[in-house]
Each structure stands twice: as structure tokens, then as C-alpha cells.
A.B. asks: 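Got a structure for you, written out below as C-alpha cells; questions coming shortly.
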Protein chains: 2
Amino acid sequence: MMDTIGYDTYSCPVGKTVELISGRWKPIILYLIQHGVNRFGLLQKKMPKISKKVLTEQLRDLEKHGLISRDIRKSKHPQEVVYDLTASGISLRELIDKIFDWGATNLLDEAAQKMVKTMVI
Amino acid sequence: MMDTIGYDTYSCPVGKTVELISGRWKPIILYLIQHGVNRFGLLQKKMPKISKKVLTEQLRDLEKHGLISRDIRKSKHPQEVVYDLTASGISLRELIDKIFDWGATNLLDEAAQKMVKTMVI
DNA sequence: TCAATAAGTTACCAGATGGTAACTATCAAA
DNA sequence: TTTGATAGTTACCATCTGGTAACTTATTGA
């Protein structure tokens with residue numbers, strides 16, 4: 001994280017980690033993939049506000065960082081692309097859950113906290 | 001985080017929390033303030049690459065979100081401005097430490113991990 | 001052969017973010 | 001009264017990020 005001469009955010013593990021999840025949709029994409037929403041089209045249906053372009057970008061970025069795998073299933077009739085979390089991705093998801101918990105107890109009012117606890121995919 | 005119709009990142013506690021620390025320098029600023037580097041000038045000395053403008057912006061933003069307090073000490077000869085973590089800020093720092101640990105074990109090679117464990121302010 | 005479906009790609013645009021350099025305000029000590 | 005230190009502010013610019021809308025590719029079943 002640091003030396004006494006000068007800190008540099010780019011070599012800091014916090015910065016590197018935050019970078020992994022600071023795309024506008026990345027935490028949710030990881031969450032959905034882990035819960036079975038693991039194809040391009042399915043992801044789009046669950047996130048109607050994301051464009052194909054951005055979804056592709058975020059998926060490619062997650063793949064580049066080794067958090068998800070991308071598997072093209074040509075066997076299927078209109079060809080499918082299946083995404084899955086890697087071990088890294090699963091591990092990061094656990095961290096994201098901790099971040100979720102912090103945010104839920106520190107940033108939401110009581111009503112919102114209750115809602116959050118009853119949410120489903 | 002979600003409804004079945006469509007997910008929205010802006011109402012997600014993860015997104016809100018990541019926003020708090022996703023400024024280029026915010027995690028390090030919080031870390032430094034907690035460790036006694038709590039004046040504008042001191043922060044600048046520890047982060048030579050940050051400009052006054054950006055440092056001001058990040059500090060104002062942290063203050064706006066209730067993570068730090070800002071105290072002007074007019075008693076001092078050239079007037080000082082002292083920043084301190086609030087309870088929220090301290091709590092967020094604990095979360096940041098978890099993020100740090102994840103990043104250190106998952107994103108750094110062994111040599112870098114050793115370095116990170118021996119770092120001092 | 002042709003339409004339909006899945007999974008993109010491309011061109012283009014707007015706003016947010018970070019950065020540089022120069023200027024400002026306040027006040028006490030010399 | 002001028003200098004030096006602290007803590008900014010202002011104008012301006014470049015890059016990054018996310019977004020829209022239209023176009024593309026591959027494949028199969030009708």
C-alpha cells in the first residue's frame with residue numbers, strides 16, 4: 001500500500017480489488033451468475049437497463065481478471081454462451097457479501113434493511 | 001439489491017458502499033487520517049502525486065458522506081485544518097481492511113505479500 | 001432458401017473523474 | 001509592511017465510463 005516517500009493507489013491491494021467490482025454492474029453480474037443466471041440472454045433479462053455493449057464489456061473485463069469463465073456451447077441450436085464463476089470469482093463474491101452487509105446496516109434506513117433481508121433472485 | 005423485474009445498481013448497498021471508497025485516493029486518505037496523518041499539508045506530503053484540487057475534492061466528498069470531520073483551528077498561527085474519522089469512518093476502515101486482505105492474498109504475488117505485511121506509515 | 005434466435009459489434013455521444021498550473025485568503029512573526 | 005506558511009480555489013483540459021441505436025454473425029428448423 002505504501003512507502004514513506006509517497007503512496008501510490010495503483011499498487012494498493014484495496015485499489016486493485018475495488019477496481020474489480022467498481023464497474024457499474026459487476027457486483028450484480030457476479031451475484032446473478034453464481035445464482036444460475038449464467039447466460040448472456042438471461043443476464044440481459046434480469047438487468048433490462050443494461051445494454052448489450054456494456055454487458056459484453058463487463059463480462060469481458062470479469063473474464064480478463066479471472067473471475068468468470070466463458071464457455072461457448074455450439075451444440076445448442078441457436079448457440080449459447082455460458083458463464084461461470086471461477087474459484088477467484090467465488091472468493092470475491094464472499095467479499096462482496098461483506099460489503100453488502102456493511103452497506104445494508106450503515107447506509108440503508110430500517111425499512112430498506114428489512115426489504116433487503118427478504119429479497120430473492 | 002433487486003426485484004424480479006430488474007436489478008438497479010443505484011439502490012444496491014454494494015454499489016453505494018463501493019462509491020464511498022472508489023475515489024482514486026479515498027481508501028488511502030481514510031487510512032492516513034486514522035493513523036495520525038490528519039492535516040491537509042501532512043496528507044499532501046504523504047501523497048505527493050495528488051493535487052490540492054483533487055485532495056480537497058476527495059476530503060469534501062468523504063465529509064459529505066459523514067466519514068470524516070473537518071475542524072478549523074484558528075488558534076494556530078498559520079491556521080490549521082484537522083480531519084478525523086467519524087464512527088462511520090472507523091467502521092468503514094474495518095471493511096477496507098478486509099478488502100485489503102482479500103486483495104493482498106488474491107492479487108499480489110508472494111514477494112509483494114511479504115512486503116505488504118511489513119509496511120509502515 | 002429464409003426467418004428467427006443468441007450473442008454480440010460498431011459508431012457515436014454525454015457526463016464524470018482526475019489532472020495541471022496559476023491565483024487567492026488569512027495571519028503571525030520578522 | 002512584507003514574507004512565509006497553510007489551505008485552499010479557479011479555469012481549463014484529457015480520458016474513462018456508460019449509454020443509444022443500428023448493424024453483424026452463426027446456426028437451425030420451417
Side-chain angles (χ1 to χ4, degrees), chain A residues 6-12 15-16 18-29 32-33 37-65 68-84, chain B residues 6-12 14-16 18-29 32-33 36-65 68-84:
Chain A
Y7 296 73
D8 178 11
T9 44
Y10 293 131
S11 57
C12 170
K16 283 174 188 286
V18 169
E19 227 187 281
L20 295 181
I21 50 176
S22 65
R24 174 102 161 55
W25 302 91
K26 283 184 196 152
I28 282 171
I29 291 174
L32 290 174
I33 292 178
V37 184
N38 59 355
R39 288 196 1 255
F40 193 89
L42 294 176
L43 286 165
Q44 260 198 298
K45 266 170 213 155
K46 286 286 178 183
M47 301 178 288
K49 289 179 191 164
I50 196 173
S51 67
K52 286 165 173 245
K53 183 202 132 196
V54 173
L55 179 53
T56 308
E57 277 172 3
Q58 312 264 297
L59 288 168
R60 293 289 181 282
D61 207 49
L62 292 170
E63 194 191 356
K64 194 181 80 190
H65 289 106
I68 61 174
S69 62
R70 180 171 181 271
D71 179 26
I72 304 173
R73 304 224 172 131
K74 301 217 176 189
S75 53
K76 283 295 179 79
H77 319 49
Q79 138 188 322
E80 281 180 0
V81 177
V82 174
Y83 295 95
D84 274 299
Chain B
Y7 296 75
D8 178 11
T9 43
Y10 293 132
S11 57
C12 170
V14 179
K16 284 173 188 286
V18 168
E19 228 188 281
L20 295 182
I21 50 177
S22 65
R24 174 101 161 57
W25 302 91
K26 282 183 198 154
I28 282 172
I29 291 173
L32 290 175
I33 291 178
V37 185
N38 59 354
R39 289 199 358 257
F40 193 91
L42 294 175
L43 288 164
Q44 259 197 297
K45 266 171 212 156
K46 286 288 179 184
M47 302 177 288
K49 288 178 190 164
I50 197 176
S51 67
K52 285 165 175 242
K53 182 202 134 198
V54 174
L55 179 52
T56 307
E57 276 172 4
Q58 312 265 296
L59 288 169
R60 292 292 180 281
D61 208 48
L62 292 170
E63 195 191 354
K64 192 180 80 193
H65 289 106
I68 61 174
S69 62
R70 180 170 181 271
D71 179 25
I72 304 173
R73 304 224 171 132
K74 300 214 174 188
S75 53
K76 282 295 179 78
H77 318 47
Q79 140 188 321
E80 280 180 2
V81 176
V82 173
Y83 295 95
D84 274 298

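Each chain gets a letter, A, B and so on, in the order the sequences are listed, and its residues count up from 1.
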A.B. asks: Going by side chain to side chain contact (heavy atoms under 4.5 Å, CB included), name the residues that satisfy it together with A:Val54, two or more places apart in sequence or in a different chain.
C.D. replies: A:Trp25, A:Ile50, A:Ser51, A:Glu57, A:Gln58
A.B. asks: Could you check A:Ser51 against A:Ser75 and say which one's nearest nucleotide on DNA chain D is further toward the 5' end?
C.D. replies: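 On the 5' side of the pair lies A:Ser51.
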A.B. asks: Only counting residues at least two apart or in another chain, list the ones meeting salt bridge (Lys or Arg N to Asp or Glu O under 4.0 Å) with B:Asp84.
C.D. replies: none
A.B. asks: Atom CG of A:Leu55 and atom C1' of D:dT20: how far apart are they, to the nearest Å?
C.D. replies: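 Atom-to-atom, A:Leu55 to D:dT20, this comes out as 15 Å.
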A.B. asks: Enter the distance from A:Leu55:CG to A:Lys49:NZ here, rounded to the nearest 0.5 Å.
C.D. replies: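 It comes to 15.5 Å.
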A.B. asks: When the distance from CD of A:Glu57 to P of D:dG19 is rounded to whole Å, what number comes out?
C.D. replies: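 Answer to the nearest Å: 10 Å.
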A.B. asks: What's touching nucleotides 7-10 of chain C from the protein side, N or O pairs under 3.5 Å?
C.D. replies:
{"residue": "C:dA7", "atom": "OP1", "partner": "A:Val81", "partner atom": "N", "Å": "2.9"}
{"residue": "C:dA7", "atom": "OP2", "partner": "A:Gly41", "partner atom": "N", "Å": "2.8"}
{"residue": "C:dA7", "atom": "N7", "partner": "A:Lys52", "partner atom": "NZ", "Å": "3.0"}
{"residue": "C:dG8", "atom": "OP1", "partner": "A:Arg60", "partner atom": "NH2", "Å": "2.9"}
{"residue": "C:dG8", "atom": "OP1", "partner": "A:Arg70", "partner atom": "NH2", "Å": "2.3"}
{"residue": "C:dG8", "atom": "OP2", "partner": "A:Tyr83", "partner atom": "OH", "Å": "2.8"}
{"residue": "C:dG8", "atom": "N7", "partner": "A:Lys52", "partner atom": "NZ", "Å": "3.2"}

A.B. asks: I need the NE2-C1' distance between B:His77 and D:dA7, as an integer number of Å.
C.D. replies: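 B:His77 atom NE2 is separated from D:dA7 atom C1' by 17 Å.
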A.B. asks: Taking all non-hydrogen atoms of both residues, which atom of A:Leu20 and which atom of A:Lys26 are closest, and how far apart?
C.D. replies: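 Closest approach of A:Leu20 to A:Lys26, heavy atoms only: O-CD, 3.2 Å.
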A.B. asks: Quick one: B:Met47 CE to D:dA7 P, roughly how many Å, whole number?
C.D. replies: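 My rounded result for the distance is 13 Å.
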A.B. asks: Whole Å only: how far is the CD1 atom of B:Ile21 from the P atom of C:dT17?
C.D. replies: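 Result: 15 Å.
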A.B. asks: Can you see which heavy atom on B:Arg70 is nearest to which on B:Ile72, and at what distance?
C.D. replies: NH1-CD1, 3.8 Å
A.B. asks: Figure out the CD/P separation between B:Glu19 and D:dT17, and round it to whole Å.
C.D. replies: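 It works out to 15 Å between those atoms.
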A.B. asks: Please compare A:Gln58 and A:Lys74 by the position of their nearest nucleotide in DNA chain D and report the one closer to 5'.
C.D. replies: A:Gln58
A.B. asks: Output the rounded distance in Å from CD1 (A:Ile72) to P (D:dT27).
C.D. replies: 10 Å
A.B. asks: For the pair made of CG in B:Asp61 and P in D:dG8, what is the distance, rounded to whole Å?
C.D. replies: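 Rounding to the nearest Å, CG of B:Asp61 and P of D:dG8 are 15 Å apart.
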A.B. asks: State which residues pass side-chain hydrogen bond (donor to acceptor under 3.5 Å, both in side chains) with B:Lys74; sequence neighbours excluded, sorted by chain then number.
C.D. replies: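 Once residues adjacent in sequence are excluded, B:Lys74 has no partner under the side-chain hydrogen bond (donor to acceptor under 3.5 Å, both in side chains) criterion.
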